[in-house]
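Single-structure report; data block below.
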Amino acid sequence: MTRRYYITTPIYYVNDKPHLGHVYTTVACDALARFKRLDGFDVKFLTGTDEHGIKVKQAAEKAGMDPQAFTDQVSQTFRDLIKTMNYSNDDFIRTTEDRHEKACQILWKKLVAAGDIYLGKYSGWYAIRDEAYYGEEELTTTPDGKKIAPSGAECAWVEEESYFFRLSAWQDRLLAFYEKNPDSIMPETRRNEVISFVKSGLRDLSVSRTNFDWGVPVPDAPGHVMYVWIDALTNYITAIGYGDGEDSAEFKKFWPADLHMVGKDILRFHTVYWPAFLMAAGLEPPKRVFAHGWWTIEGQKMSKSLGNVISPDGLVARYGVDASRYFMLREVPFGNDGDFSHAQAILRINNDLANGLGNLAQRTLSMIAKNCGEAVPAFGTLTPEDKQLLEMAQVKMLAAVRTELDRQRFHKALEEIWNVVNAANGYIDAQAPWGLKKTDPARMETVLYVLAETIRCLALIVQPFVPDSAAKMLDQLSIPAHNRDFSSLDAAHALQSGTKLPPPQGVFPRIVEDEQKAANG
Ligand code: ME8
């Protein structure tokens, strides 16, 4: 039976245009989704937009638009990123779709039937920016009397009739779940944060609103719309057919999700509220929630007022899509906060891609084109150095990368791959095939064969990260489409001597802009 893998991004609020932070999460998921597909899994990769709630409603009002027309427009700017960033998502969900309303209402009714929802009155602090409720003790008061949440968002006092979810009853069962499933919240520091939050006691959660109507109507409760987070989280089951019932084939196949990838800002919603809702409805919680860190820009918070927001279009126009994807995943240990600097991006891209992998491929393939009749060279007896490099590329690399990616250590996975790039560049310098042309042409061919085969393995394994560039490298090695998944990443599928090769072309351009500035720091 094929193994399945269900991976999701957060669904993004349509109150604003997409930026670096949004593409970061989705690129990470995309790399993982592509890796799993190439590794033989049946993958479902979901992203989309979160379109209800006061925050979106207010953004529509500010734009002078009807909320549906507004969300249609902004959702499209997120959908356009599929092309810009080369995402391979299998679905794009919008919470204003009928399938979603249906799924939310089914889940709601389950919670009511389970006795976990009751009608009460809410009075407390609400932050529209976070679409979150806060306890008095969590807030700080500014000199002019404003109440500020730990996230920095301003809170307003809310009093209204509301349905409540009996979250307080789930404390022990949540703690037991975390205990039994140590890898269900990662990284570990985040898991510890969640556990101590839950241990400190949970209050019942207000899950409906009556002071606006831009949301999913609560069944049998005129005037109430669902709290935007119960609506938003449900997207993960909507997209696999929950609206058609728990017995629907897709739901059975893909639930529970293997991984919800989120930013650290929305960890609590995914690791406390969501598993409680699911368990209350008799469904399994997701297998893992991984919270990554936050990007700052040249040392500062990304913000419109500072004018330092990095747009995906701007990023790609400057560096290209593959180099942008690579930089984001390589630069910062995944899970930590990171700082985006153009100087650092240029250094990293030029070093690793242009000088590292790009130069290795370019040097090797042009020597082959010139000296080996534009075909994969023949090879003779292999030396220990040849065997060592081949073993790294054909055997050890995939296993090492798989291990790292199974724990979302993207930077480590790339480090493993670049260990092979560096070893190959060391090998080419040590073997100096250009010097062998006259003295020992047969050995020259063997060296070039070993290098070309190493490049084949590298091109296969970088596909999830830099898909277009990897495809170009594989084209240059005449690798047919059916030999591009990881079942071909072994000695049995090695290059065949004599296979004709097309003329080589550079794959990773150097970024020359600002290079001097970067060198000067
Ligand atoms: O929270 N650095 O949507 P949202 C890294 N709709 N990642 C960042 C970032 C930054 N500076 N800024 C944003 C929501 N992100 C809800 C989610 S899910 C059921 C509902 C990323 O548009 C990060 O993944 O505010 C964060 O979690 C997400 O964008 C928040 O997007």
Side-chain angles (χ1 to χ4, degrees), residues 7-30 46-57 59 71 74-75 77-78 81 85 92-96 100 103-104 107 127-132 149 151-153 190 214-216 226-239 257 259-275 277-278 286 289-304 306 308-312 315 327-329 331-340 408 410:
I7 177 169
T8 66
T9 75
I11 47 170
Y12 302 104
Y13 283 129
V14 290
N15 63 318
D16 209 353
K17 288 196 291 259
H19 59 60
L20 174 74
H22 306 122
V23 298
Y24 181 50
T25 319
T26 314
V27 161
C29 291
D30 183 66
L46 175 70
T47 187
T49 45
D50 188 355
E51 309 192 4
H52 289 134
I54 313 187
K55 175 151 123 169
V56 171
K57 166 111 176 173
T71 56
V74 186
S75 177
T77 63
F78 280 89
L81 297 175
M85 298 309 300
F92 185 98
I93 190 165
R94 299 184 55 192
T95 54
T96 48
H100 183 63
C104 287
L107 181 68
I128 293 177
R129 197 191 80 187
D130 300 345
E131 295 280 22
S151 65
R190 301 284 170 214
W214 184 239
V216 175
M226 291 185 199
Y227 170 42
V228 67
W229 270 101
I230 194 168
D231 162 346
L233 290 160
T234 304
N235 93 86
Y236 301 130
I237 53 176
T238 301
L259 178 62
H260 292 324
M261 186 78 88
V262 300
K264 63 179 184 179
D265 53 320
I266 55 174
L267 183 65
R268 197 181 286 183
F269 301 99
H270 283 82
T271 54
V272 183
Y273 300 175
W274 184 224
F277 296 155
L278 288 164
V289 175
F290 191 104
H292 65 67
W294 209 245
W295 283 99
T296 51
I297 310 297
E298 317 275 355
Q300 285 183 304
K301 201 173 164 197
M302 194 168 12
S303 87
K304 262 203 256 179
L306 288 172
N308 65 354
V309 175
I310 296 204
S311 76
L315 190 70
F327 177 71
M328 284 188 268
L329 296 179
E331 189 60 13
V332 179
F334 202 72
N336 294 6
D337 289 336
D339 186 48
F340 187 96
Q408 288 70 56
F410 296 91

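Counting convention: from 1, in listed order, for ligands and their atoms alike. Position 1 is the first residue of the sequence, and the numbers go up from there.
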Query raised in the report: Looking at atom 5 (C) of ligand 1, what's its closest protein heavy atom, distance included?
Result: Gly293 O, 3.5 Å
Query raised in the report: Under 6.0 Å between ring centres, would you say that holds for Phe334 and Tyr24?
Result: yes
Query raised in the report: Which of the numbered atoms in ligand 1 are below 4.0 angstrom from a heavy atom of Tyr13?
Result: 1 (O), 3 (O), 4 (P), 6 (N), 14 (C), 16 (C), 22 (O), 25 (O)
Query raised in the report: What is the nearest protein non-hydrogen atom to atom 23 (C) of ligand 1, stated with its residue, atom name and distance?
Result: Thr25 OG1, 3.5 Å
Report task. Tell me, with the steps shown, if Tyr273 and Trp229 meet ring-ring contact (aromatic ring centres under 6.0 Å, His included). Result -> CA-CA 9 Å; Tyr273 300 175; Trp229 270 101; 7.8 Å; no
Report task. Please report the shortest heavy-atom distance between Ala291 and Leu267, naming the atom on each side. Result -> CB-CD1, 3.7 Å
Report task. List the closest protein heavy-atom neighbour of atom 17 (C) of ligand 1: residue, atom name, distance to the nearest 0.1 Å. Result -> Ile11 O, 3.1 Å
Query raised in the report: Does Met261 have a non-hydrogen atom less than 4.0 Å from ligand 1?
Result: no
Requested in this report: Would you confirm whether Asp337, through its side chain, and Gly293, through its main-chain N or O, come within 3.5 Å as a donor-acceptor pair?
Outcome: no
Report task. Run the numbers for me: atoms of ligand 1, each under 4.0 Å from some heavy atom of Ile266, listed by number. Result -> 1 (O), 17 (C), 27 (O)
Requested in this report: With atom 27 (O) of ligand 1 as the reference point, say which of Thr95, Asp231, Asp265, Asn15 has the nearest heavy atom.
Outcome: Asp265
Requested in this report: Please work out which of the three classes, parallel, tilted or perpendicular, describes the rings of His260 and Trp274, given edges at 30° and 60°.
Outcome: tilted
Report summary line: With heavy atoms and a 4.0 Å threshold, my read on which part of Glu131 contacts ligand 1 is neither
Requested in this report: State plainly whether the residues Arg94 and Glu51 are in salt-bridge range, i.e. N to O under 4.0 Å.
Outcome: yes
Query raised in the report: Which of the atoms of ligand 1 are close to Ala232, meaning less than 4.0 Å from one of its heavy atoms?
Result: 19 (C)
**Report entry** Identified side-chain contact (heavy atoms from CB on, under 4.5 Å) counterpart of Thr95 within the set Val228, Thr234, Ile11
**Finding:** Ile11
Query raised in the report: Are Tyr236 and His270 an aromatic pair by the rule of ring centers under 6.0 Å?
Result: yes
Requested in this report: Name the closest protein heavy atom to atom 13 (C) of ligand 1, giving the residue it belongs to and the distance to 0.1 Å.
Outcome: Trp294 CH2, 3.5 Å
Report task. Identify the heavy atoms of Ile266 and Pro10 that sit nearest to each other, and give their distance. Result -> CD1-CB, 3.8 Å
Query - Sub-6.0 Å ring centroid separation between Phe78 and Phe92 - result: no
Query raised in the report: Based purely on interatomic distance, does Val262 place a nitrogen or oxygen under 3.5 Å from a nitrogen or oxygen of ligand 1?
Result: no
Report task. Provide the closest heavy-atom pair for Val289 versus Pro286 in the form atom of the first, atom of the second, distance. Result -> CG2-CG, 4.2 Å
Requested in this report: Identify, by atom number and element, the atoms of ligand 1 in contact range of Asp50, meaning under 4.0 Å from any of its heavy atoms.
Outcome: 6 (N), 16 (C), 20 (C)
Requested in this report: Give a yes/no verdict on whether any heavy atom in His292 is under 4.0 Å from an atom of ligand 1.
Outcome: yes
Report task. Considering the heavy atoms of Met302, write down every atom of ligand 1 situated less than 4.0 Å from one of them. Result -> 11 (N)
Report summary line: Here the pair of heavy atoms bringing His100 nearest to Thr238 is ND1-OG1, 2.8 Å
Query - Per-atom contacts, ligand 1 versus His270 - under 4.0 Å to a heavy atom - result: 18 (S), 19 (C)
Query raised in the report: Does any N or O atom in Trp295 lie less than 3.5 angstrom from one in ligand 1, N or O only?
Result: yes
Query raised in the report: Near Pro10, which atoms of ligand 1 are under 4.0 Å from a heavy atom of that residue?
Result: 18 (S), 24 (O)
Query raised in the report: What's the shortest distance from atom 28 (C) of ligand 1 to any protein heavy atom, and which residue and atom give it?
Result: Tyr12 CE2, 4.0 Å
**Report entry** Heavy-atom proximity to atom 19 (C) of ligand 1, best of Phe269, Tyr236, Phe340
**Finding:** Tyr236
Query raised in the report: With side chains defined as the heavy atoms from C-beta onward, is the minimum distance between Thr271 and Val262 less than 4.5 Å?
Result: no
Query - Atom indices of ligand 1, in the order listed, that fall short of 4.0 Å to a heavy atom of Gly21 - result: 2 (N), 5 (C), 7 (N), 8 (C), 9 (C), 10 (C), 12 (N), 15 (N), 21 (C)
Query - Min heavy-atom dist Lys301 to ligand 1 below 4.0 Å - result: no
